[in-house]
Amino acid sequence: MNEMVTLQINGEGYELSIAPKKTLLEVLREDIGLTGTKEVCDMGSCGACTVLLDGKPILSCLTLAVACKGKEITTIEGLKKGETLHPLQSSFIQRGAIQCGMCTPGMILSAKALLDEKPHPTEIEVRKAIAGNLCRCTGYVKIVEAILAVSRGE
Amino acid sequence: MMEEFSVIGKRLPRVDGRAKATGEAIYTLDIHLPHMVHGKILRSPHPHARIIHIDTTRAERLAGVRGVVTVKDISSEKRSAFCYGAILPDEYPLAFDRVRFIGDEVAAVAAVDEECAQEALELIRVEYELLPSVFDPEEAIKEGAVQLHDHAKKNISWRLYQDLGDVDRGLRDADHIQEDRFVTQLVSHAPLEPHAAVAQFNSDGRLTVWTSTQRPFFVSWDLAHALGMPESKVRVIKPHVGGGFGGKIETSSVEFSAAFLSRKTGHPVKIVLTRDEEFFATRRRHAFIIHLKTGVKRDGTITARLCRSLLDGGAYNSLGIVTCYLSSIFLHLPYKNPNVRYEAIRVYTNKPPCGAMRGFGSPQMHFAIEVQMDMIAEAIGIDPMELRLRNRLRAGDETSSGLKIKSCGLRECIQSSAKLSGWEEKRKRGGKGVGIGMGCNGFISGPRLRRLPRLADAYAFSSSLIRAHADGNVTLITGSADIGQGSDSVLAQIVAEELSIPYDCVTVLSGDTEIAPLDLGTYGSRVTMMAGNATLNAAKDLKKKIFNAVAEKFEANPEDFELKNGLIFIEGSPDKNLPFSEAVVFCQQYLGGRPVIGEGFYNPEEEGKLDIQALCERGEGNYSPTYSFGTQVAEVEVDRQSGEVRVQKMTVAHDCGKAINPMAVEGQLEGSVAMGLGYSLTEEVKSEDGLMMNPSFLDYRVPLSLDVPPIEIIQVDSHDPVGPFGAKESGEGTASPTAPAIINAIHHATGVWLKELPVTPEKLLKAMEESSKDSGKKGMK
Amino acid sequence: MRLPDFQYIEPKSLEEACLFLKEHNHESKIMAGGTDLLPNMKQGIFKPKYVVNLCAIQNLDRFEFDEDRGLWLGALVRLRYLETDPIIFERYPMISQAAGEVGSVQLRQMGTIGGNLCLDTRCYYYNQSDFWRKCRPMCIKMGGEKCNAMGKGKKCFAVLSGDLAPALIALGAKIKLLSTRGERTLLLSELYTGDGAKPLAMEPDEILVGVEVPAIPKEAFNVYLKYRIRRSIDFPLASVAVMLIIDRKKKICHEAKVVIGAVSTKPEELKEIKELLKGKKLEGSLIEEASDLAFKAAKPIANAGSSPSYRKRIIKVFVEKALKQGMGESI
């Protein structure tokens, strides 16, 4: 039996009729068409589906969409303002922190949550903040550099 | 004199960076078409069984099901074309009469949604006659073992035998002989994007397939043959790909099933593997058992090598024959071996087939070779770095197996990584749980081989088109496949440099078989070398066409023109010039309205064809146009109570010739180290009676950000004479020296040798305890 | 992987939740953070008719600290909160440590203390997809006859892999359970049955509403050590929680609680170590003896990503490490 739910995603309201068993990830990708949030392990072990719920990083594959009513959801698509990229997005691009790109949206959102809470983290704090985001391509070096560069205002 | 470049050698961001950072980049996984249905694959729950009967009627009757396919849907004359695997095809995308591993594909279902497709799978009745199974390659090769394939006696899928020089004499001449048995494990590619495909049959008889692949053209050929269609009617599009690492080289049952289901149902069909399917049913890296016997003179000079490898092949050939001959090639890199005898035997077992994975035989062989180098160094009492320097290959060398070394920066790699890591000082300390170790490698830059079955000889290796627009921008059209490594960006840099236009004036259209001229795709580290040279040649061709047109206008010789900073002028008088965009317009007028297109191709057979039989059976011939080299130095700390290893730092030096984009090269090297680290310490496909025990990102442990140490990179430029702008391979073979460097560092820290990967705390603890028992005994004597 | 169908219940109060569970106890699964329940449901391990999400119940995430009475942690206090709260970090470092060791930042942001304490037991042969499990005989925990990990026997050996349970047991925590029949308080150690197939001594209609952690002397030493292969995401393969009340100068141990986790169906307090150390001077040979006791007490079986003998060994190493740390030795 579907439920009527209003979700606030990237500042826009969506009124949806959804089955309770649908995860936030499925609703974002299938019902709304926001495919920037990636479905990788779907079991909470890779971080690719990370989105922000009221500013905090959570795994959308283990979150029921019906449980998100009244909360502000931020996905990768919600980060840029008009044509202007979020500093983390620019930094990832400029510093070679992106390869295949499947981990990138989740990685950037985990980084955003960290910097919003702690604007000047140490390297180990950065590594801890993204330790739930698996990347098979980069070895994390450039990702960590890209995040630290933003924290230094570069 | 060093050439001055404006785009080559610069740390430029990737062309698809913005799309990926904003979530706009579309992967196969993200594609949704009108009227699309979802496919799922029924797999064998048995490691070995004969299929007696498949009954799909109940599944077909389920509401929401649009179609079911099995091997019966393929007419019998097409079944041989349907059979795939390199060199000796032995596998059907959907099982023919037998299943040979848990996960072997039996049938596929298309339904309105995933849940319905899943339910339908459960309604398919398969009657199996269970057969005995064999999982251990050493068992499988014994007389009387269960036979997996009728054609393969003793389950031998392939045997390669190489005998070069005089091994017996080489061993007699040796002052020290080192003999060891090394074992490597099965590992999984674990790309973040699983295998996925969307297939759409149109009523006009055309098939379009979007797929997460490394070789779009091969997928097109394989599907065309299986479906009995002309190749040009099967359009394969490679959207953004979420990593491949060798696991997406072959056409898979995902593409076949989606295509067959789409033909049968008239719907577009999407199949995406679940993460556990990706782990337990796709290809793996071969596990090797390597017996390596090396003779050296007192000064460390290698006099002979005798080696035998047993490859655990899994149920089918996949690309395993290639792994066999590549392993023989890696036995010859990066050291001189005048006398070599090598036997590689690949054995069938009831497990998922092993195929290509980053390094393709190199991680296994270089683990054995490089750890043994340290053992030899210890035995004869010289520094392991020195031993490597003494035996290294040099530019101009030809190995006894025929590899022609045209450029080689190995000496610089060894020396610079040693210097940067503080090798000499740290090497003196050692023991007490802290150690430093080194590993080297050599790698190919693409195979000079294309005569795979069914491919007509006329096919090129790589070809590119560059279309110039009147506004001064250009579009590069290439069939090469960027799977995340950044090849589109490298090719864009090559175009921008040669045409002297800004990097962002180049648009890259890649991986679409309908539009692009032929390219064999991404494997064997061939893209920069082959698509790079093809693209460079296309840019040169375009330039020539433009110069011809401009020459007319200026009444000068085309040869006298130069293109610099976006301006065309006669050499020596830059003031009288024409901007590139105007020249394009002019050229178009000159050509009477014909498009301004540059064409280029690359064919490394110009220096003589490779004898495929000599290669496959004996590992002989000059396999690649050129070879890259590298060194890694690992620093480790070992907890002697728990056996846990912390890699503190990795120093990596790599000779990739001229780095077209140093930032991208660094990214490749850093990623290689992370994968190599997993191979060394944490990654292992564990199975029990053919069933993978850890098919998840939770239990198959890919290193995370806290596991990867700081990595220092040194790029050595040996300026290759063949590569575009002097570039060579970077990013594949580079994953190989990590494991031996770490294992050698562990030895330096603890005094124990580990010859089996991965080195778990448990194995290390056991080795340390045994060694202290031994030294205790020695002490008592 | 898709979740099976279910009806979603979001009670607004504990009363409402209790009443619902009274009616539908066996058909319901209680959800807090969802990080353990939903993966299991995706793998077809549970197919409840109702999922009862506690998220809308007020005050269930209440956190209180009192010098005399200690800590009250509502069931929905997030693990991330426990990890980062300065009072907990100062007074009960082992709670911060244990919480901080769970999963990843995202999982700790979602996961709750109640959920972590009620974690289902785990086993290589159990936490797998439907397809995978069908390749083996149905195990005891799934309702079958046989333990695939042991290859025989009638007992389920699935492992209780929560990080918080050993730490909180070492601190002497109690839990409050609520149902329409009223409230009852248990020692946390009594929550665990030791039966891998039914690891929790809770009735299906009971809700864990919170945890009481007694005040401990300021000078008390406590530490949680977790063995895992990677430094993130992994569940523990063995863990040790140690709480010592010790005279640092004289090195006399007044009280010692050692709890081992992730090596069997429940976290176990090693009373024999408590006896051994009580009133004694903590020194090398005694620590050795204590860690030997831990080694003997740990009886893991082959059902996780590391061998039983190694996990046993690690328990010994960790007990030794923790006691030495407690003694003030830098290691």
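The figures here come from the full heavy-atom set of this structure, side chains too, leaving out hydrogens, waters and symmetry mates. It should be emphasised that the depicted structure is a prediction, and the values quoted were computed from it without experimental measurement. Letters A, B, ... mirror the listed sequences (proteins, then strands); counts begin at 1.
- Among the residues in residues 79-86 of chain A, those with a non-hydrogen atom closer than 4.5 angstrom to a non-hydrogen atom of chain B are Lys80(A), Glu83(A), Leu85(A).
- With a 4.5 Å cut-off on non-hydrogen atoms, Ala190(B) touches chain A through its backbone and its side chain both.
- With values rounded to the nearest 0.5 angstrom, Ser90(A) atom OG is found 7.5 Å from Arg18(B) atom CZ.
- Scanning residues 146-154 of chain A against chain B with a 4.5 Å non-hydrogen threshold yields no residues.
- Within the 4.5 Å cutoff, the side chain of Met43(A) has no heavy atoms near those of the Leu698(B) side chain.
- Scanning all heavy atoms of the two residues, the minimum distance from Val702(B) to Leu134(A) falls at CG1-CD2, 3.8 Å.
- Interface check for chain A: of the options Gln485(B), Glu193(B), His32(B), the most heavy-atom pairs under 4.5 Å are formed by Glu193(B).
- For Leu12(B), no part lies near chain A; criterion is any non-hydrogen pair under 4.5 Å.
- Close approach to chain A, defined as a heavy atom under 4.5 Å from one of its heavy atoms, is seen in Arg275(B) of residues 273-281 of chain B, taken by number.
- A 6.0 Å sphere centred on NZ of Lys22(A) holds more than 12 heavy atoms belonging to other residues, nucleotides or ligands.
- Summarising the local packing, NZ of Lys69(A) is surrounded by more than 12 heavy atoms from other residues, nucleotides or ligands at distances under 6.0 Å.
- Between the side chain of Arg127(A) and the backbone N or O of Leu706(B) there is no donor-acceptor pair closer than 3.5 Å.
- Here the CE-CZ distance, from Met663(B) to Arg95(A), works out to 9.5 Å after rounding to the nearest 0.5 Å.
- The environment of Met1(A) atom CE is sparse: at most 12 non-hydrogen atoms of other residues, nucleotides or ligands sit within 6.0 angstrom.
- Within residues 241-249 of chain B, the residues having any heavy atom less than 4.5 Å from a heavy atom of chain A are, in residue-number order, Val241(B), Gly242(B), Gly243(B), Phe245(B).
- Using a 4.5 Å cut-off between heavy atoms, Thr104(A) touches chain B through its side chain atoms alone.
- Among Gly23(B), Ala674(B), Ala21(B), the residue with the largest count of heavy-atom pairs under 4.5 Å with chain A is Ala21(B).
- Interface residue Lys38(A): only side-chain heavy atoms are found under 4.5 Å from chain B.
- The shortest non-hydrogen separation linking Pro703(B) to Arg136(A) is CD-NH1, 4.5 Å.
- Contact annotation for Leu29(B): both backbone and side-chain heavy atoms come within less than 4.5 Å of a heavy atom of chain A.
- Of all the heavy atoms in Leu192(B) and Val40(A), the pair that sits closest is O-CG1, 3.1 Å.
- Rounding to the nearest 0.5 angstrom, the gap separating the OH atom in Tyr140(A) from the CG atom in Leu704(B) is 4.5 Å.
- Of all the heavy atoms in Thr138(A) and Glu670(B), the pair that sits closest is O-CB, 3.3 Å.
- The structure places CG of Asp30(B) at 11.0 Å from CG of Leu34(A), a figure rounded to the nearest 0.5 Å.
- Contact check for Gln668(B) versus Gln99(A): side-chain heavy atoms found under the 4.5 Å cut-off.
- Nearest approach of Phe697(B) to Cys41(A), heavy atoms of both residues: CD1-CB, 3.7 Å.
- Heavy-atom pairs under 4.5 Å with chain B peak, among Gln94(A), Glu30(A), Met107(A), Glu77(A), at Gln94(A).
- Of the residues considered (Gly484(B), Gly486(B), Ser696(B), Ser672(B)), Gly484(B) shows the highest number of contacts with chain A, using heavy-atom pairs under 4.5 Å.
- Looking at heavy atoms from C-beta onward, Glu114(B) lies out of side-chain contact with Glu26(A) at the 4.5 angstrom threshold.
- With chain B as partner, the option from Ile76(A), Ile143(A), Asp42(A), Asn133(A) having the largest number of non-hydrogen pairs under 4.5 angstrom is Ile76(A).
- With chain B as the partner, the residue from Gly36(A), Gly78(A), Ala131(A), Cys100(A) showing the most heavy-atom pairs under 4.5 Å is Cys100(A).
- The nearest pair of heavy atoms linking Arg14(B) to Ile98(A) is CD-O, 3.1 Å.
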